[in-house]
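Note that ligands are numbered from 1 as they come in the structure, with each ligand's atoms numbered from 1 the same way.
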Amino acid sequence: MNDDLAIEVRDLVRTFESRKGFFFGEKTHTEALKGVELNVGRGAIFGLLGPNGAGKTTLTKILSTLLLPTSGTVQVLGHDVVKDTSWLRSRIGLVLGGERGLYNRINARENLRYFADLYGIPASERDRRITEVIERVDLTWAADRRVEEYSRGMKQKLHIARGILHRPEILFLDEPTIGLDPKSARETRKLVRSLVVEGVTIFLTTHYMFEAEELCPRVAVLSKGKIVANDSIAGLRSRVGGDRTIEVEAYGFEDREIDRLKGLPGVSKVAGEAFGPLMRLTLRVRTDDTTPETVQGLLPGHPELSVRERRTSLEDIYLDLVEEEAQ
Ligand SMILES: Nc1ncnc2c1ncn2[C@@H]1O[C@H](COP(=O)(O)OP(=O)(O)O)[C@@H](O)[C@H]1O
Ligand SMILES: [Mg+2]
């Protein structure tokens, strides 16, 4: 056990068996997590980044004791998520995405009273604590309104208020800005940033690279149930094969043309993507020897050829990590 760690995950596997098809006769077996290894330090925002279906929610639920691992060991705050469930539940907060989990017919204060009772917060402290968290998430002005009148963004703030009501040491936020309008998403990110100042460790999942970049000094990238990177944002930036990206578009390319591009000096990757009848190749380029002009010269006989150069973005690095190489 390492006291500096908020989360320690060793060889975590989680599978789901489900039935589908006619009369649910067909058994399917999904391996959502395939041997996850992860350490998360205390007192910062840690980002788990990954596309839909990567396993983010599954991992978040296991870390917050909602779901059991199939195999492997998971410790949160130095305690085992399978054995020390009740010890952990009083010390962790969880906010899952979506709109469920609030009572629409009653106001914010009444909703929180219900959860305060669930968390076992003493009656003497309850109302003061509720006023405090409502203030904390900037909902004081709407605290006495029924939740059914709340916007999506206000509901999300109330979810976060619920998540911190019992003053957890660690807060899990699963895609906290999904489905929010840009202004509410910004406010939610600001709120998340301010929580960490108070010493809460935050584990946040997202499928937006820019969100991870804005909030998280460190991120792990989850792809198809495996951690494919675990690094600082600066570290992720530096791992890119080249600092330039060349995009080439035309009505299709031949294999030998793609091979020629792959053979160019400093080209670390060539990925292909179709846009209707158009095909776009994306090249990661490390040296100055390969320019848009060199690329153009290698592709004669394409009347509609377009070649552009741009800086490689963090988003590109993320896509490189989660997508398999085309061709
Ligand atoms: N209860 C379940 N039953 C069957 N399959 C599931 C269940 N929950 C998740 N999965 C599958 O596990 C994989 C990971 O899902 P999830 O953890 O929700 O990913 P993410 O949150 O990154 O989108 C997906 O293939 C998903 O279909
Ligand atoms: Mg999810």
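For atom 11 (C) of ligand 1, the choice among Thr60, Thr30, Leu59 with the nearest heavy atom turns out to be Thr30.
In summary, the atoms of ligand 1 found under 4.0 Å from a heavy atom of Pro51, numbered by their order in the structure, are 22 (O). Within ligand 1, the atoms closer than 4.0 Å to a non-hydrogen atom of Ala32 are 12 (O), 13 (C), 14 (C), numbered from 1 in the order shown. In summary, the atoms of ligand 1 found under 4.0 Å from a heavy atom of Asn52, numbered by their order in the structure, are 23 (O).
Residues Asp181 and Arg152 are not paired through a salt bridge, judged by the lack of any N-O separation under 4.0 Å between the basic side chain and the carboxylate.
The shortest N/O to N/O separation between Ser18 and ligand 1 does not fall below 3.5 Å. Distances between N or O atoms of Gly53 and those of ligand 1 include at least one value under 3.5 Å. The shortest N/O to N/O separation between Thr57 and ligand 1 falls below 3.5 Å. Considering backbone and side-chain N/O of Ala54, one or more are found under 3.5 Å from N/O of ligand 1.
Taking the six-membered ring where tryptophan is involved, the planes of Tyr114 and Tyr103 are perpendicular, since the angle between them exceeds 60° and thus also 30°.
Coordination check, Thr58 versus the Mg ion (ligand 2): failed, since every N/O/S atom of the residue sits at 2.8 Å or beyond.
Residues Leu49 and Leu321 fail the side-chain proximity criterion, which asks for heavy atoms closer than 4.5 Å.
Checked against Thr245 for a side chain to side chain contact (heavy atoms under 4.5 Å, CB included), the options Lys269, Arg310, Glu309, Arg311 give a single hit: Arg310.
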Should Ile227 and Leu48 be marked as a side-chain contact (heavy atoms from CB on, under 4.5 Å) after you check the CA-CA gap, both sets of side-chain angles, and the distance that decides it? CA-CA 9 Å; Ile227 302 283; Leu48 181 71; 4.2 Å; yes

